[in-house]
Number of protein chains: 2
Amino acid sequence: MASEVIVDKIAKEIAGDITWSDFPGKSMRKWREIFGVTQLVISKRMGISSSVLSDYEKGRRTPGSGFVKKFVRTLLEIDRERGYVIVKELARGQKLPPSALLDMREFPQKVLLKEVVEAVKGIVLYGSEKLDKQIYGYTVLDSIAAIESMTGQEFLSIMGLTTERVLVFTNVGTGRSPMVAVRVSFLKPGAVVVHGPKAVDPLAVKLAESDGIPFILSQVPDVQSLLNGLRGLLRKKENQ
Amino acid sequence: MASEVIVDKIAKEIAGDITWSDFPGKSMRKWREIFGVTQLVISKRMGISSSVLSDYEKGRRTPGSGFVKKFVRTLLEIDRERGYVIVKELARGQKLPPSALLDMREFPQKVLLKEVVEAVKGIVLYGSEKLDKQIYGYTVLDSIAAIESMTGQEFLSIMGLTTERVLVFTNVGTGRSPMVAVRVSFLKPGAVVVHGPKAVDPLAVKLAESDGIPFILSQVPDVQSLLNGLRGLLRKKENQ
DNA sequence: CTAGTATTTCGACTATTATCGAAACCTATT
DNA sequence: AATAGGTTTCGATAATAGTCGAAATACTAG
């Protein structure tokens, strides 16, 4: 299956292209054509009359952001049923998420670090005074795979739009190499969470300290719970 | 200066994030905070009352796509005056456009290949029967710089969202290496335009032929005219 | 040229956005 | 506790999106 991360990214790019365009309607048509869908088909899906789409495409009026969202969602839905043929095509130009990348999300609004700590059942090993820091997203990496397969380049590109996010490493031995990695690549995440180690290497804590990056040990039983915890927080913020 | 291409890309990403969000207002607030601007400041810039922004951020109503665009544009404008401090920060996560990248744009609507040919005063060396092909954007590369400095990775990443675009090479000797490059990296642009060569290598044409990619020789006097021609087409489409 | 699709056009109505301005409400800071 | 900057709330109004449906066109494959 096309990774959800990628589909999401493409969705945003399309939505952005439409919204940023001087002529949203033209861009909508462009995307509709790229996905090879007729006005009739998509309008039926969206539960509206096809003339509505025509009116937009011809610029009689401009769509609201809600409409754009629904439109893009529908395009992607249709494509999913066709086996994501177009998404796959579009994804080719994108950098693929390295297999080490388990999840990557943006929060719809700021989240406090302490909330993330809670979501991952974390113990704060350094930075307890910074728990009110704002966080805008998270990235979850499999540290073994990351170290083996990722180049420095990829490592950088993995951070989403903002660096005000939490970097979560799973599959961690002692926590040392993740912190070293963070050190050498000069990216400064808002916080680092490690999952897995029985005992945390004191040097890791020291590194975090000297970089001023809060360092958290997650205590959930397994990776799936970790991902679920974060997703849960995301969903909560979406509906809050 | 931060390259226009990058700023544009970031603009789209932000617009996409807002539009795609379940709570556009929350996302707007997030971005406003990331850019470190108060409601008062930005609303004054936009020529509206600050309560309008508050209403959005609190979800009293959801913004139209026009509003989102204006909002993002204003954020970026403010940041530009501050020396693009935030954009630079955001761009760090992005892949930088290699210096070989002279321009890269998306058309707001489909454009026929023949129109592009006209815009670059091109002679069709192969593919005259495909002039009605649809094109959605263009990428202009300095071929010398490209060959010297770009890795295969970068080469791939240079194509925008769709590959239904024209790849334009400037500074071309015989047209051979650009086509070889296109050959080896498995990207298939909608057409290739070369600018510069006195005489075109027959092998280049042959390669284009066997890949089925229209191959065009531009006859404008210099690179600037080439870029202008393409920009002109873009603008025309925007206002058409 | 003819069916049959797909798209465009347009008048009409309702629901929402776009916008203001004034007053109330928060924090910090003096 | 008084000042001040920032934010929220809310009633009000004009403008516009959101939507339909039917008729007019355009396009395409026989």
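Order of the sequence lines sets the chain letters (A, B, ...), proteins ahead of strands, with each chain counted from 1. Reckoned from all heavy atoms, side chains included, excluding hydrogens, waters and symmetry mates.
Atom CE in Met28(A) sits about 13 Å away from atom P in dT7(C), given to the nearest Å. Straight-line distance from the CZ atom of Arg61(B) to the P atom of dT8(D): 15 Å, rounded to whole Å. Summarising the geometry, the separation between NZ on Lys58(B) and P on dG6(D) is reported as 18 Å, rounded to the nearest angstrom. Rounded to an integer number of Å, the gap from Leu53(B) CG to dT7(D) P is 9 Å. Nucleotide dT17(C) holds its P atom 17 Å from the CZ atom of Phe71(B), rounded to whole Å. Regarding Gln39(B), its CD atom lies at a distance of 8 Å from the C1' atom of dT8(D), rounded to whole Å. One can place CG of Leu40(B) at 13 Å from P of dC20(C), the figure rounded to the nearest angstrom. Atoms NZ (Lys44(B)) and C1' (dC20(C)) sit 15 Å apart, rounded to a whole Å.
Side-chain atoms of Lys130(A) do not come within 3.5 Å of backbone N or O of Pro214(A) as any donor-acceptor pair. In this structure, Asp79(A) contributes its side chain and Val87(A) its backbone to a donor-acceptor pair below 3.5 Å. A distance-only check finds no donor-acceptor pair linking the side chain of Asp55(B) to the backbone of Arg60(B) [under 3.5 Å].
Contact check for Lys30(B) versus Asp17(B): side-chain heavy atoms found under the 4.5 Å cut-off.
Distances were taken from every side-chain heavy atom of Asp55(A) (C-beta onward) to each of dT9(C), dA17(D), dT7(C); the shortest belongs to dT9(C). The Tyr56(B) side chain lies nearest to dA18(C) when the options are dA18(C), dT9(D), dG21(D). Taking only side-chain atoms of Phe67(B), from C-beta outward, the nucleotide of dA18(C), dT19(D), dT8(D) with the closest atom is dA18(C).
Nearest-nucleotide positions on DNA chain D place Glu57(B) closer to the 5' end than the other of Glu57(B) and Ile48(A). Both Ser51(B) and Val41(B) lie close to DNA chain D; mapped to their nearest nucleotides by heavy-atom distance, the more 5′-ward contact belongs to Val41(B).
Contact annotation: Arg32(B) reaches the phosphate of dT7(D) (side-chain N/O to OP1 or OP2, under 4.0 Å). Between Ser54(A) and dT8(C) there is a side-chain polar atom (N or O) within less than 4.0 angstrom of OP1 or OP2.
For a distance-only test at 3.5 Å, the side chain of Arg60(B) qualifies as a donor-acceptor partner of the base of dG11(D).
As judged by a 4.0 angstrom heavy-atom cut-off over every strand, Thr38(B) is placed among residues touching the sugar-phosphate backbone only. Within 4.0 Å of Gly66(B), counting heavy atoms only, lies no atom of the nucleic acid at all.
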Check the pair Tyr56(A), Phe71(A) against ring-ring contact (aromatic ring centres under 6.0 Å, His included), reporting the backbone distance first and the verdict last. CA-CA 11 Å; Tyr56(A) 286 135; Phe71(A) 176 77; 8.8 Å; no

